[in-house]
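Every heavy atom of this structure was used, including side-chain atoms; hydrogens, water molecules and symmetry mates were not.
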Amino acid sequence: SVGSDTSEVLITGDIDKKTSSWLKLPPIPTKIKALMMSTAVPGSGQIWVNRKYPGYGFMGTEATLGVAALFAYYQYNQSWGGFEESYNSYQNRNDPRKLMELRPKVIQYAAETRRYNAFMKGIRGVSFSIWVVNMVHAYLVAPSDDYFDGEYFFDLEYDPGLNQLQF
């Protein structure tokens, strides 16, 4: 028979977790985390720091502008395709009457292409501006972490008895 001895059994509380000591990153402040999150997905930094309405507002605004940009791009592609087709037909024709019919179409498609291109550039500018405002807002509304509270560097305190700041 085999005897069993359970006096050497470790419980899970006694087992130390092995951590890699060669890769210890400093703590990232909450403000920087919110800024990075809002940089990646507009509005997510505000949502993360419990500013849900501004976060969803930024997210919805950027999504709406994205859908408008896709619509403008679709219209631009259609207009560009019509322009190329009409212009190629215009260049290959010799009949003056057919050229007179194609010329207004070429001009119309060229004007539409310029209009949709300008619209997409406008959406891009507005989207970029809102994205930057979103990142700055996420940084400003996030709570600040006080990593420098005297344990590592120095501490400034107000002493009411002396009525001055103490270093």
Can you give me every donor-acceptor pair (side chain of residues 55-63, partner residue at least two apart or in another chain, under 3.5 Å) with its distance?
{"unit_1": "Thr61", "atom_1": "OG1", "unit_2": "Gly57", "atom_2": "O", "d": "2.7"}
{"unit_1": "Glu62", "atom_1": "OE2", "unit_2": "Trp131", "atom_2": "N", "d": "3.3"}

Using a 3.5 Å cut-off and no angle test, enumerate the donor-acceptor pairs between side-chain atoms of residues 34-51 and protein atoms at least two apart in sequence or in another chain.
{"unit_1": "Ser38", "atom_1": "OG", "unit_2": "Gly45", "atom_2": "N", "d": "3.0"}
{"unit_1": "Ser38", "atom_1": "OG", "unit_2": "Gln46", "atom_2": "OE1", "d": "3.0"}
{"unit_1": "Thr39", "atom_1": "OG1", "unit_2": "Leu35", "atom_2": "O", "d": "2.7"}
{"unit_1": "Ser44", "atom_1": "OG", "unit_2": "Met37", "atom_2": "O", "d": "2.6"}
{"unit_1": "Ser44", "atom_1": "OG", "unit_2": "Val41", "atom_2": "O", "d": "2.8"}
{"unit_1": "Gln46", "atom_1": "NE2", "unit_2": "Asn134", "atom_2": "O", "d": "3.1"}
{"unit_1": "Gln46", "atom_1": "NE2", "unit_2": "Asn134", "atom_2": "OD1", "d": "3.0"}
{"unit_1": "Gln46", "atom_1": "NE2", "unit_2": "His137", "atom_2": "ND1", "d": "3.1"}

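- Taking OG of Ser129 as the reference point, atom CG of Leu65 lies at 10.0 Å (rounded to 0.5 Å).
- With hydrophobic clusters built from ILVMFWY side chains whose heavy atoms lie under 4.5 angstrom apart, Val133 does not share a cluster with Val136.
- By the side chain to side chain contact (heavy atoms under 4.5 Å, CB included) test, Asn77 pairs with Tyr73, sequence neighbours left out.
- Annotation for Leu162: hydrophobic cluster partners, listed by chain and number, are none (ILVMFWY side-chain heavy atoms under 4.5 Å, direct or chained).
- In the hydrophobic clustering of ILVMFWY residues, with side-chain heavy atoms under 4.5 Å counting as a link, Val126 and Val132 come out apart.
- Under the 4.5 Å side-chain heavy-atom criterion for grouping Ile, Leu, Val, Met, Phe, Trp and Tyr, Tyr139 is connected to Phe128 within one hydrophobic cluster.
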Kindly list each side-chain donor-acceptor pair under 3.5 angstrom involving residues 113-124, sequence neighbours excluded, with atom names and distances?
{"unit_1": "Thr113", "atom_1": "OG1", "unit_2": "Ser79", "atom_2": "OG", "d": "2.9"}
{"unit_1": "Thr113", "atom_1": "OG1", "unit_2": "Tyr109", "atom_2": "O", "d": "2.7"}

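- In terms of hydrophobic clustering, with Ile, Leu, Val, Met, Phe, Trp and Tyr side chains grouped at heavy-atom distances under 4.5 Å, Met135 and Tyr53 are assigned to different clusters.
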